[in-house]
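See structure below.
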Amino acid sequence: DNQLIQWESPNSILGAFYVNNVLYLQLKDKGLMSFMNSTLKIAGQGSQLSDAAVITAMLPFSENKILIATSTQGLLLLNNGIYQAFETPVQELLLKNPVTGGLNLSDGTIAFGTSRKGVVIINHAGDVLQIIDKEASLQNSFVRSMSASNDNTLFIALNNGVSVIEIPSAFSFFDEK
């Protein structure tokens, strides 16, 4: 133990995600691959997630499912090697406001940082529970990165600073319904 092992990728690495004890790599011209024991293996229909669909988040979703956020295809579920669109109320919002990152929160909700709409909090059905953006007093609506504490305090790196928000927040999202 305590040794550094180096591995050289055959293609440029576009993203890396550690989910359910597996390291996933999105490789240029290859798609999504799993990396185990210094070996690459196509993750499901990995080539479906090629360079055109930049993966911005991969999160454990349920027992056999992984939630994948992309900048151009919205949300997908990887279920036993098969990709399917996550057709939910939030899909259109995230296609118009690309996801920059995501987190599973300790209360079971999911937080997505976006490039134009701040932070979007959803439940597992994909219903929007909250939008925390510039209109809700966030310094800026472009989320660069997020981290969360065990008590759902979100630390949000923005274009122009850092915001700290407790979830559930006093900020709420109400639609026209």
Side-chain angles (χ1 to χ4, degrees), residues 1-88 90-91 94-106 109-120 122 124 126 140-150 153-163:
D1 300 339
N2 287 338
Q3 51 181 310
L4 176 65
I5 299 172
Q6 293 185 354
W7 173 83
E8 197 166 313
S9 175
N11 298 67
S12 296
I13 298 173
L14 303 176
F17 308 91
Y18 193 69
V19 183
N20 298 335
N21 298 316
V22 177
L23 177 63
Y24 291 91
L25 302 173
Q26 184 181 18
L27 299 183
K28 183 173 179 64
D29 300 326
K30 294 284 185 189
L32 187 62
M33 314 286 285
S34 61
F35 182 76
M36 297 176 79
N37 302 320
S38 298
T39 304
L40 285 174
K41 180 180 168 188
I42 293 175
Q45 308 141 328
S47 60
Q48 177 179 336
L49 293 174
S50 63
D51 306 349
V54 175
I55 299 171
T56 55
M58 288 183 68
L59 305 169
F61 188 71
S62 64
E63 191 172 319
N64 294 319
K65 295 179 184 176
I66 297 173
L67 182 60
I68 299 173
T70 71
S71 59
T72 56
Q73 294 181 8
L75 300 179
L76 303 170
L77 288 174
L78 176 57
N79 184 8
N80 293 319
I82 297 173
Y83 296 99
Q84 57 193 44
F86 188 45
E87 298 296 338
T88 67
V90 77
Q91 189 74 291
L94 296 180
L95 284 169
K96 290 178 181 175
N97 303 281
V99 173
T100 58
L103 297 170
N104 280 326
L105 301 177
S106 62
T109 59
I110 302 165
F112 288 111
T114 71
S115 63
R116 285 178 238 157
K117 201 68 176 161
V119 178
V120 178
I122 67 168
H124 273 248
N140 167 300
S141 290
F142 193 113
V143 176
R144 293 286 181 182
S145 183
M146 296 185 305
S147 186
S149 67
N150 289 338
T153 300
L154 281 181
F155 300 89
I156 306 164
L158 304 163
N159 258 356
N160 62 346
V162 175
S163 290

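Residue numbers run from 1 in the order of the sequence given. Computed from a predicted model, the values in this text were never measured in an experiment.
- Here CG of Asn79 is found 7.0 Å from OG of Ser62. Values are rounded to the nearest 0.5 Å.
- Results of the side chain to side chain contact (heavy atoms under 4.5 Å, CB included) test with Leu75 over Ile110, Val90, Thr70, Ile68 single out Val90 as the only residue that passes.
- Gln26 places a side-chain N or O within 3.5 Å of a backbone atom of Ala53 that can act as its donor or acceptor partner.
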One pair to check against side chain to side chain contact (heavy atoms under 4.5 Å, CB included): Ser106 and Asn150. What are the steps and the verdict? CA-CA 6 Å; Ser106 62; Asn150 289 338; 5.7 Å; no

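- The distance from atom CG of Asn159 to atom CZ of Arg144, rounded to the nearest 0.5 Å, is 4.5 Å.
- Legend: residues meeting ring-ring contact (aromatic ring centres under 6.0 Å, His included) with Phe142, ordered by chain and number and at least two apart, are absent.
- The environment of CG in Asn160 is crowded: more than 12 heavy-atom neighbours from other residues, nucleotides or ligands sit within 6.0 Å.
- In this structure, Thr88 has no side-chain hydrogen bond (donor to acceptor under 3.5 Å, both in side chains) partners at least two apart in sequence or on a different chain.
- Side-chain contact between Leu40 and Leu27 is present, with heavy atoms from C-beta onward closer than 4.5 Å.
- For Ser9 (side chain) and Ser12 (main-chain N/O), no donor-acceptor pair under 3.5 Å exists by modelled atom type.
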Could you please spell out the steps behind the side chain to side chain contact (heavy atoms under 4.5 Å, CB included) verdict for Ile156 and Val119? CA-CA 9 Å; Ile156 306 164; Val119 178; 3.5 Å; yes

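- Between Lys41 and Ser34 there is a side-chain heavy-atom pair separated by less than 4.5 Å.
- Side-chain contact check for Leu76 versus Phe86: every heavy-atom pair is 4.5 Å or farther apart.
- The structure places CZ of Phe155 at 5.5 Å from OG of Ser149, a figure rounded to the nearest 0.5 Å.
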Show me the donor-acceptor pairs, under 3.5 Å and distance only, between side chains in residues 96-104 and residues at least two apart or in other chains.
from   : atom 1 : to     : atom 2 : distance (Å)
Lys96  : NZ     : Glu92  : OE2    : 3.0
Asn97  : ND2    : Leu93  : O      : 2.9
Thr100 : OG1    : Gly113 : O      : 3.2
Thr100 : OG1    : Val143 : O      : 2.7
Asn104 : ND2    : Pro60  : O      : 2.8

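- Sorted by first and then second residue, the pairs that involve residues 20-45 and meet ring pair (Phe, Tyr, Trp, His ring centres under 6.0 Å), not counting sequence neighbours, are Trp7-Phe35.
- Evaluation of the side-chain hydrogen bond (donor to acceptor under 3.5 Å, both in side chains) rule for Asn11 yields no partner, not counting sequence neighbours.
- Between Ala111 and Leu154, the closest heavy-atom pair is CB-CD1, 4.3 Å.
- Taking the side chain as every heavy atom from C-beta outward, Val19 and Phe61 never approach each other to under 4.5 Å.
- The nearest pair of heavy atoms linking Asn20 to Ile66 is ND2-CG1, 4.1 Å.
- In this structure, Ala16 and Leu23 approach most closely via the heavy-atom pair CB-CD1, 4.4 Å.
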What's the verdict on side chain to side chain contact (heavy atoms under 4.5 Å, CB included) for Leu59 and Phe112, showing C-alpha distance, side-chain angles and the deciding distance? CA-CA 11 Å; Leu59 305 169; Phe112 288 111; 4.3 Å; yes

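- The line from OG1 of Thr109 to NE2 of His124 is 8.0 Å long, rounded to the nearest 0.5 Å.
- Between the NZ atom of Lys30 and the CG atom of Leu25 there is a distance of 13.0 Å, given to the nearest 0.5 Å.
- In plain terms, the two heavy atoms of Val120 and Lys117 that are nearest each other are CG2-O, 4.4 Å.
- Side-chain contact between Thr114 and Leu94 is present, with at least one heavy-atom pair separated by less than 4.5 Å.
- How far CD1 of Ile82 is from NZ of Lys65: 11.0 Å, rounded to the nearest 0.5 Å.
- Applying the side-chain hydrogen bond (donor to acceptor under 3.5 Å, both in side chains) criterion to Ser115, with sequence neighbours excluded, gives no partner residue.
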